[in-house]
Amino acid sequence: MVTKVKNKFYITTPIYYVNDQPHIGHAYTTIVADVLARYYRQKIGKENVYFLTGTDEHGAKVAESAALKNISPQKFTDQISQQFKDAWQNLAITNDDFIRTTESRHQKIVVNILNKLKAVKTPAGNEVLYETDYEGLYCVGCEKFILESELVDGKCPDHNKEPEQVKEKNWFFKLADYLSIIQQKIESDELTIYPKARKNEVLGLIKQGIPDFSISRSKKSVPWGIDLLWDKNQKAYVWVDALSNYITALDYPKGKLYQKFWPADIQLMAVDILKFHTLYWPAILLALDIPLPKILAIHGFFTINGQKMSKSLGNVVHPDELVKEYGAEVTKYLILSQFSFGSESDIKVEEFPNKYNADLVNGLGNLVNRITKMVEEYLKGKIKIDDLENISLKIGTEEMIEQLNFKEALFKIWARIQDCDTAIDQDKPWILAKSKNIKDQEKLKSVLGKYIKDLYIISINLKPFMSETAAKILKIITASKIKKPATPLFPRK
RNA sequence: CGCGGGGUAGAGCAGUUGGCAGCUCGGCAGGCCCAUAACCUGCAGGUCGUGGGUUCAAAUCCCACCCCCGCAACCA
């Protein structure tokens, strides 16, 4: 594992549900996608990389939230969707497209996809879509189906009313006919589920048996959504509508982007939507006779200071707060250097200032200062570096990025920073600088040149993570006269 | 009940195919004077949850058990 990329790279985040503001979890997925996109743009060319994110904007909850605010669902989704766009801009995210499920370009294609699904048969010869009764508890107050587990004393907690047992006809997707095919593709890694623990979890789910899923709901239970053409009383339920964004954004089936970029090289998500992406989504693609994505990469949830992040606990961390405090690049660094992709990790917000001072102020920022100051003072800012182009830049970060091990990738860069600090202490350039001896003068030039090369290597490797910082350092060290920066790269907090 | 994740130094974590227990922060003691009170070196600190087993060799593989977190909602 993980990513094997030749001539093009298509990466997606989930489309985020607009029921609430962006938080650090959304930000993490998006930051990871951004790092990979930047990395591959550097490697295979900007025009060969496509990075998609967006928002999922239909459904009963959105309609409800809009009603609470007394505005139309469209207006409501416009607002929240914009918050996501702003958040990504503030984090300097470089997505190539941002798709909204309420856009007509999406809806038109979803209608086509639904019609296609309605027309085709499964490999076993059954209709892919079939109509059957959906039975459940319905709360009139909420105007939606409610799970038994949501009830308090048998009543809807919001309306303090007993729900009614309601039957309605819905359209279902014949998942059962695809499970064994999907299972085989997952087992053989033709469809790679990463990390392995998640792959095993999915295979376990298949073994337990997954019921067919509904692709439509009645208009009264899902008032805000895409109509089914062949059944006027029904609207598309979330799965087909939301999941198909990954191809509608590419203008499936005829679009140039679709031809060039599908299948996706990697689709990122958190555990909560594992089942939908590893089973429903491949099944839909198989039914449409579309190739499956290559890798589905699943990351864990954050806990905040050891607790689950939740609105009711009031410990939700929003990316904008961090950006305001640290700026986009440092925020990305702090999040990626603390969180391991595959597993659940804890974010200790009160550790962020320490980490900032230790790694960025004392580490990278200080190193740039001490090196540039010496070059400025001892050599009048002039140093001859033989062909920067030809030095080896490889310090292991590439492999780590390709394996989604961002924490380790950053660690390797910081190991280089520390090595350089150690070398400076051993070489003692300030002693060499005082010597009149020609040999010492030569050595001074050579060690300072070595440090500049180190800064060069560090900057190049840092680019996918902190491209502005990398650019700043490169500008400083490639100037005709090297000078210690007037203001530190990272001011102490 | 079941499913999933986890228990490694004071804190947070890494340990890929079994081969000398590591990293970051913090603590202590030195050093340095280029640097943002920054930087470097050394030291202290661990029965790797418990009990068995396999093996020349186990944090790692096998069995049993104990403890913690998630499997409502918001939601990546």
Side-chain angles (χ1 to χ4, degrees), chain A residues 1 13-17 19-33 53 61 65 146-152 157-158 197-198 200-202 204-205 207-208 268-274 298-303 305-314 316 319 337-340 342-348 351 354-355 357-378 403 405 407-408 411 414-415 417-433 444 447-448 451 484-485 487-493:
Chain A
M1 246 306 275
T13 74
I15 46 173
Y16 306 116
Y17 199 54
N19 206 30
D20 195 19
Q21 295 169 7
H23 56 61
I24 195 169
H26 303 107
Y28 178 74
T29 317
T30 312
I31 290 168
V32 164
T53 187
K61 275 182 199 154
S65 302
I146 182 166
L147 294 172
E148 204 160 330
S149 52
E150 294 178 78
L151 301 179
V152 177
D158 292 338
R198 296 299 176 195
N200 295 339
E201 194 176 337
V202 175
L205 277 176
K207 226 184 251 171
Q208 282 173 36
L268 300 169
M269 72 207 69
V271 276
D272 57 334
I273 46 178
L274 173 77
I298 295 102
H299 67 78
F301 274 157
F302 285 80
T303 54
N305 301 325
Q307 276 186 312
K308 188 168 176 172
M309 182 168 70
S310 81
K311 262 196 208 168
S312 37
L313 288 172
V316 178
S337 64
Q338 200 162 137
F339 194 81
S340 298
S343 49
E344 305 226 333
S345 297
D346 194 42
I347 287 285
K348 294 225 176 301
E351 283 297 318
N354 286 342
K355 188 94 178 138
N357 282 329
D359 293 358
L360 297 166
V361 179
N362 300 346
L364 183 56
N366 182 55
L367 182 68
V368 169
N369 274 12
R370 66 193 302 212
I371 293 173
T372 51
K373 172 75 179 181
M374 288 191 284
V375 174
E376 183 182 355
E377 200 147 304
Y378 304 153
Q403 289 170 30
N405 195 344
K407 199 174 172 177
E408 189 65 25
F411 190 77
W414 259 259
I417 292 172
Q418 197 182 3
D419 287 349
C420 194
D421 268 326
T422 307
I424 294 173
D425 264 59
Q426 283 169 357
D427 296 335
K428 300 188 186 10
W430 49 91
I431 306 262
L432 298 172
L444 177 66
V447 295
L448 290 180
Y451 308 150
K484 183 184 148 193
T487 51
L489 245 38
F490 304 104
R492 180 165 301 279
K493 285 201 195 282

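Proteins get letters first, then strands, A, B, ... in listed order; numbering begins at 1 in each.
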Where the side chain of R370(A) is concerned, which of C34(B), A38(B), C75(B) is the nearest nucleotide? C34(B)
Rounded C1' spacing from G4(B) to U50(B) in Å: 22 Å
Taking C65(B) as the reference, what is the distance to U47(B) when you measure between their P atoms (whole Å, please)? 26 Å
Identify whether any heavy atom of M374(A) sits under 4.0 Å from a base atom; if not, whether one sits that close to sugar-phosphate; answer base, sugar-phosphate or nothing. base
Measuring from the side chain of N369(A) (C-beta onward, heavy atoms only), which nucleotide among U36(B), U41(B), C34(B) has the closest atom? U36(B)
Does C40(B) have OP1 or OP2 under 4.0 Å away from a side-chain N or O of Q418(A)? yes
Looking at C23(B), C40(B), A76(B), which one has an atom nearest to any side-chain atom of D421(A)? C40(B)
Does any non-hydrogen side-chain atom of I371(A) lie less than 4.5 Å from one of I424(A)? yes
Taking 4.0 Å as the cut-off, does a side-chain nitrogen or oxygen of N362(A) come that near to OP1 or OP2 on C39(B)? yes
When you measure from the side chain of I273(A), which nucleotide among C32(B), U36(B), A76(B) comes out closest? A76(B)
Determine the interatomic distance between C1' on A59(B) and the same-named atom on A9(B); round to the nearest Å. 14 Å
P atoms of G27(B) and U8(B), separation to the nearest Å: 22 Å
Say you pick atom C1' in G22(B) and the same atom in C48(B); how far apart are they, in whole Å? 12 Å
Where the side chain of F411(A) is concerned, which of A35(B), C23(B), A38(B) is the nearest nucleotide? C23(B)
Heavy-atom distance under 4.5 Å between the side chains of Y451(A) and D421(A), does that happen here? no
With a non-hydrogen cut-off below 4.0 angstrom, is K484(A) in contact with a base, only sugar-phosphate, or nothing? sugar-phosphate
Kindly point out which of C39(B), C75(B), C33(B) is positioned nearest to the side chain of N366(A)? C39(B)
Can you check the distance between C23(B) and A14(B), where both ends of the measurement are the P atom (answer in whole Å)? 16 Å
Is there a side-chain contact (heavy atoms from CB on, under 4.5 Å) between R492(A) and N357(A)? Walk through the geometry before answering. CA-CA 6 Å; R492(A) 180 165 301 279; N357(A) 282 329; 4.1 Å; yes
Say we look at A73(B) and A37(B): how far apart would their C1' atoms be, to the nearest angstrom? 49 Å
Rounding to a whole Å, what distance do you find between K493(A):NZ and U36(B):P? 18 Å
Between F490(A) and N354(A), just flag the one whose closest nucleotide in RNA chain B comes earlier from the 5' side. N354(A)
Does any N or O donor sit under 3.5 Å from an N or O acceptor when you compare the side chain of D425(A) with the base of G31(B)? yes
How about V375(A) and K484(A): do any of their side-chain heavy atoms sit closer than 4.5 Å? no
If you check the Y378(A) side chain, which of U36(B), C13(B), C34(B) turns out closest? C34(B)
Using a 4.5 Å cut-off on heavy atoms from C-beta on, say whether the side chain of W414(A) contacts that of L364(A). yes
Give P429(A) one of three labels, base, sugar-phosphate or nothing, depending on what nucleic acid heavy atoms sit under 4.0 Å from its own. nothing
What's the CD1-C1' distance between I431(A) and G31(B), to the nearest Å? 12 Å
For W430(A) and D359(A), find the nucleotide of RNA chain B closest to each by heavy atoms; which residue's nucleotide sits nearer the 5' end? D359(A)
Taking the C1' atom of each, how far is A11(B) from G46(B), in whole Å? 14 Å
